[in-house]
Amino acid sequence: MAPAGTASDALDRPHFIGIGGAGMSGVAKVLAMRGAQVSGSDTKDSPIVGALRELGATVHIGHAAGNIAADATSVVVSSAIRADNLEMVTAHERGIPVVHRSDALAALMDGSRPIAVAGTHGKTTTTSMLAVSLRTLGLDPSYVIGGDLDAPGSSARHGDGEIFVAEADESDRSFHKYAPEVAIILNVELDHHANYASMDEIYASFETFVGRIRPGGALVISADQSGARELTARVTGGEEPPRVLTYGEDESADVRVLAIEPHGLTSEVTVRLAESLGGAELTFTVSVPGRHYALNAVAALTAGAALGVPAHELAPALASYTGVKRRLQLKGTAAGVQVIDSYAHHPTEIAADLEAIRGGAGEGRVLVVFQPHLFSRTQELGTEMGAALALADASVVLDIYPAREDPVPGITSALVIDAAARHGADVTAEHDRNAVPELIAGMAKPGDLVLTMGAGDVTDLGPAILARLTSPEN
C-alpha cells in the first residue's frame with residue numbers, strides 16, 4: 001500500500017480525484033494560485049472545472065489510471081472517494097502518497113493566522129462573511145469555502161494577507177487536522193449518522209477540535225444554542241481551558257445581540273461588546289434575510305475581534321456579503337413568482353430557512369420542492385424533516401438523493417412525507433424530477449416564493465421551473 005503521505009512535501013504536483021467537488025476544488029485552486037502543477041479528474045465537466053483549467057490545472061473527465069501523471073507527487077482524496085476507485089487503486093500500485101483533503105488544507109494554512117469555522121449548520125455562510133468582509137477591509141485573506149460566492153470557482157482564493165479563513169468539516173472528523181488561531185463553533189447537533197452514533201461522540205469530536213487551537217488563540221462559540229453551551233462547559237472544565245468568547249442573545253454573551261430587525265430580505269443588527277473587546281455598541285446591516293444569518297454575522301464579527309480586527313471597522317464591512325450560491329440564492333423571477341435555492345437538508349436548517357423566507361414573502365405563499373439527502377440522515381431525521389416542512393404553505397417531496405450511500409431497505413422519502421402530513425402540511429410526493437416544473441407551474445401564483453431545497457441535485461430544477469413559468473401555456 002502507498003504511504004499515507006504528508007501534505008507538506010507532496011503538493012508540488014498533486015492529482016485530485018473528484019477535483020470538481022466543492023471542498024476539493026477550493027484546495028486545488030489555492031494550490032494552483034501558489035504555483036503547484038495541479039491535475040485532477042471528475043465524472044463530469046462543470047463551470048468549476050472550467051475555472052480550474054483557467055488557472056492552469058489539467059482536468060480529465062472520467063476516471064482512468066492514465067490520468068495520473070508519471071511525476072505526480074501525491075493523489076489527493078476526500079472521504080467520498082471509495083477505496084476501489086480506479087485512480088486510488090493506481091496510486092497504491094505505483095506507491096504515490098495518498099493525501100486526504102484535510103491534510104492538504106492544513107498544509108495550506110501553515111504560516112498563516114487561521115480562522116476555522118465549525119458547526120452543524122452555517123459554516124459556509126459564516127466563512128463567506130469573513131472572507132468578503134476582510135477583503136473589503138483590504139486585509140486580503142486566503143480562504144477555502146464550501147460554496148461559490150458569485151462566479152464558479154470563487155469558493156477559494158490565495159491572498160497576500162496573513163489571515164486564512166476555512167470551513168472545518170466535522171462530518172468525517174477531518175477538522176481534527178487543523179490548528180486554528182481562532183476556532184468558531186456555531187452550533188453542535190447530532191448529524192452525519194454514518195460516522196457518529198451519539199451526541200457523546202459528537203461532543204468528543206468537537207472537544208478534540210477545540211484542543212487543536214493554538215496557544216494564545218481563542219474559541220468563539222454560541223451562547224444561545226444548547227449543544228454549544230454544553231460543549232463550552234466541557235472544554236472550560238479542564239486544567240488549561242482555551243480563551244472563550246461567546247456571542248448571541250444570552251445576557252452572558254461577550255458579544256451580545258440586542259436587536260435583530262428584519263427589513264425585507266435584509267436585517268439590521270445591534271450588538272454590545274464586552275469591556276474586554278472595547279465595550280462599544282454597534283449597529284450594522286446584514287444583507288441576507290433571516291435571524292440565523294444575522295447570528296452568523298455576529299459570529300464572524302466576534303472572530304474578527306478575537307484576531308484583532310477592529311470591530312467598528314468589521315461590522316459595516318459585513319454588509320458587503322450578499323450571499324453564497326445555494327444559501328437562499330435567488331435564481332430568478334417569472335410570472336410574478338420568485339424561485340430561490342436553498343442548501344438546507346437538516347431539520348434545523350430547513351426550519352430556519354423557511355422562517356427567513358416567510359419574513360420576505362409578504363402576502364405570497366411559500367412553496368417548497370424538497371429532496372431528502374442521504375439514506376442515513378433520512379432514517380434518523382426524516383420525521384423532523386417532515387415537521388419542518390409544515391412551515392411551508394405546500395411542499396413537493398422528491399426521492400432521497402443517495403450521494404455516496406447505498407440504499408437502506410425500507411428507508412424512502414415516505415418517512416418525510418408521512419411526518420409532514422401528520423403535522424398538517426400540504427405535501428405531495430413526486431418520484432419523477434422531470435415532472436416538477438409542470439407541477440409547480442400549476443401551483444404557483446404571482447407573489448409566491450418557490451424554494452428548491454436540499455443538498456443534492458434538486459438545485460438543477462430552479463432554471464427549469466423558471467422556464468416553465470415563462471412558457472406561453474402558463
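Quick note: residue numbers are just sequence positions, from 1.
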Validation: residues 296-304 side-chain donor-acceptor distances under 3.5 Å, sequence neighbours left out:
residue, atom, partner, partner atom, Å
N296, ND2, H292, O, 3.4
T302, OG1, V298, O, 2.8

Check residues 382-397 and write down every donor-acceptor pair under 3.5 Å in which the side-chain atom is one partner and the other belongs to a residue at least two apart or another chain.
residue, atom, partner, partner atom, Å
D393, OD2, R358, NH1, 3.0
D393, OD2, R358, NH2, 3.3
D393, OD2, V366, N, 2.7

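If you take CD on E355 and CZ on R291, they are separated by 9.5 Å, rounding to the nearest 0.5 Å. Distance check: I350 CD1 to H121 NE2 gives 10.0 Å after rounding to the nearest 0.5 Å. Taken from CG in L231 to CE in M199, the straight-line distance is 9.0 Å, to the nearest 0.5 Å. Taken to the nearest 0.5 Å, the CD atom of E87 stands 5.0 Å off from the CD1 atom of I17. I61 contributes atom CD1, which lies 7.5 Å from atom OG1 of T43 (distance to the nearest 0.5 angstrom). Rounded to the nearest 0.5 Å, atoms OG1 (T333) and NZ (K331) are 12.5 Å apart.
Side-chain contact between V38 and L55 is absent, with no heavy atoms from C-beta onward closer than 4.5 Å. For the pair S79/H100, a side-chain contact is recorded, criterion being any heavy-atom separation below 4.5 Å from C-beta on. Considering only heavy atoms from C-beta on, R53 comes within 4.5 Å of V49 through its side chain. Inter-residue side-chain proximity for L398 and V369 is flagged as met; some heavy-atom pair is nearer than 4.5 Å. Between Y343 and T124, the closest side-chain pair of non-hydrogen atoms is not below 4.5 Å. A 4.5 Å side-chain heavy-atom check between S41 and H15 finds at least one atom pair inside the cut-off. In this structure the side chain of S128 reaches within 4.5 angstrom of the side chain of Y321, judged on heavy atoms. Residues V76 and L31 fail the side-chain proximity criterion, which asks for heavy atoms closer than 4.5 Å.
Partners of E201 according to the salt bridge (Lys or Arg N to Asp or Glu O under 4.0 Å) rule, which considers only residues two or more places apart in sequence or in another chain, are R173. Taking the ring-ring contact (aromatic ring centres under 6.0 Å, His included) definition, one finds that F206 meets it with F175, sequence neighbours left out. For N434, the side chain to side chain donor-acceptor pair (under 3.5 Å) test picks out no residue, with sequence neighbours left out. Not counting sequence neighbours, the partners of E207 by the salt bridge (Lys or Arg N to Asp or Glu O under 4.0 Å) test are R234. Considering only residues two or more places apart in sequence or on other chains, S226 meets the side chain to side chain donor-acceptor pair (under 3.5 Å) condition with none of them. With sequence neighbours excluded, no residue forms a side chain to side chain donor-acceptor pair (under 3.5 Å) with D418. Not counting sequence neighbours, R135 has no partner by the salt bridge (Lys or Arg N to Asp or Glu O under 4.0 Å) test. Remark: H63 pairs with no residue by the ring-ring contact (aromatic ring centres under 6.0 Å, His included) rule, at least two apart or across chains. Looking at residues two or more places apart in sequence or on another chain, you find a side-chain contact (heavy atoms from CB on, under 4.5 Å) between A80 and S78. In this view, N85 satisfies the side chain to side chain donor-acceptor pair (under 3.5 Å) rule with no residue, not counting sequence neighbours.
The existence of a salt bridge linking D406 and R82 is confirmed by a sub-4.0 Å separation between a basic side-chain nitrogen and an acidic carboxylate oxygen.
There is a side-chain donor-acceptor pair under 3.5 Å between D250 and S252. Looking only at atom types and distance, the side chain of T283 has a donor-acceptor partner in the side chain of T270 under 3.5 Å away. Side-chain contact check for S198 and D200: no donor-acceptor pair (N or O, by modelled atom type) lies under 3.5 Å.
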### Query
Going through the checks in order, is the side-chain contact (heavy atoms from CB on, under 4.5 Å) test met by I184 and L130?
CA-CA 11 Å; I184 300 176; L130 274 165; 3.8 Å; yes
### Message
side-chain contact (heavy atoms from CB on, under 4.5 Å) for V337 and L367? Distances and angles first, verdict last.
### Response
CA-CA 10 Å; V337 177; L367 311 177; over 6 Å; no
### Message
Quick one, V436 with Q371, criterion side-chain contact (heavy atoms from CB on, under 4.5 Å). Give me CA distance, side-chain angles, the key distance, then yes/no.
### Response
CA-CA 12 Å; V436 169; Q371 182 186 52; over 6 Å; no
### Task
Any chance you could lay out the side chain to side chain donor-acceptor pair (under 3.5 Å) test for S222 and N187, step after step, and finish with the verdict?
CA-CA 7 Å; S222 170; N187 36 60; over 6 Å; no
### Task
Tell me, with the steps shown, if V271 and F284 meet side-chain contact (heavy atoms from CB on, under 4.5 Å).
CA-CA 9 Å; V271 299; F284 61 98; 4.3 Å; yes
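Across T412 and T378, no two heavy atoms sit closer than the pair O-CG2, 4.0 Å. Shown here for T266 and S287, the closest heavy-atom pair between the two residues is CG2-CA, 4.0 Å. When all heavy atoms of M24 and G18 are compared, the closest pair comes out as CB-O, 3.4 Å. In terms of heavy atoms, L52 sits closest to A28 at CD2-CB, 4.1 Å. Annotation for T120 and E189: closest pair OG1-N, 2.8 Å, computed over non-hydrogen atoms. Annotation for L295 and Y247: closest pair O-CE1, 3.6 Å, computed over non-hydrogen atoms.
Listed for the K177 side chain is no donor-acceptor partner under 3.5 Å among the backbone atoms of S102. Side chain of T459 to main chain of A455: no donor-acceptor pair is present (N/O by atom type, distance under 3.5 Å, no hydrogens or angles). The backbone N or O of D254 lies less than 3.5 Å from a partner atom in the side chain of T246, making a donor-acceptor pair. When atom types are taken as modelled, the side chain of E405 and the backbone of S376 share a donor-acceptor pair closer than 3.5 angstrom. A donor-acceptor pair under 3.5 Å is absent between the side-chain atoms of D42 and the main chain of F16, judged by distance alone. No side-chain donor-acceptor contact under 3.5 Å links R272 to the backbone of L258. The backbone N or O of V188 lies less than 3.5 Å from a partner atom in the side chain of Q225, making a donor-acceptor pair. The backbone N or O of I202 lies less than 3.5 Å from no partner atom in the side chain of S205, so there is not a single donor-acceptor pair. In this structure, the side chain of R433 does not engage the main chain of V458 through any donor-acceptor pair within 3.5 Å. A donor-acceptor contact shorter than 3.5 Å is absent between the side chain of T126 and the backbone of K123.
Crowding of E251 atom CD: a count of heavy atoms from other residues, nucleotides or ligands under 6.0 Å not exceeding 12.
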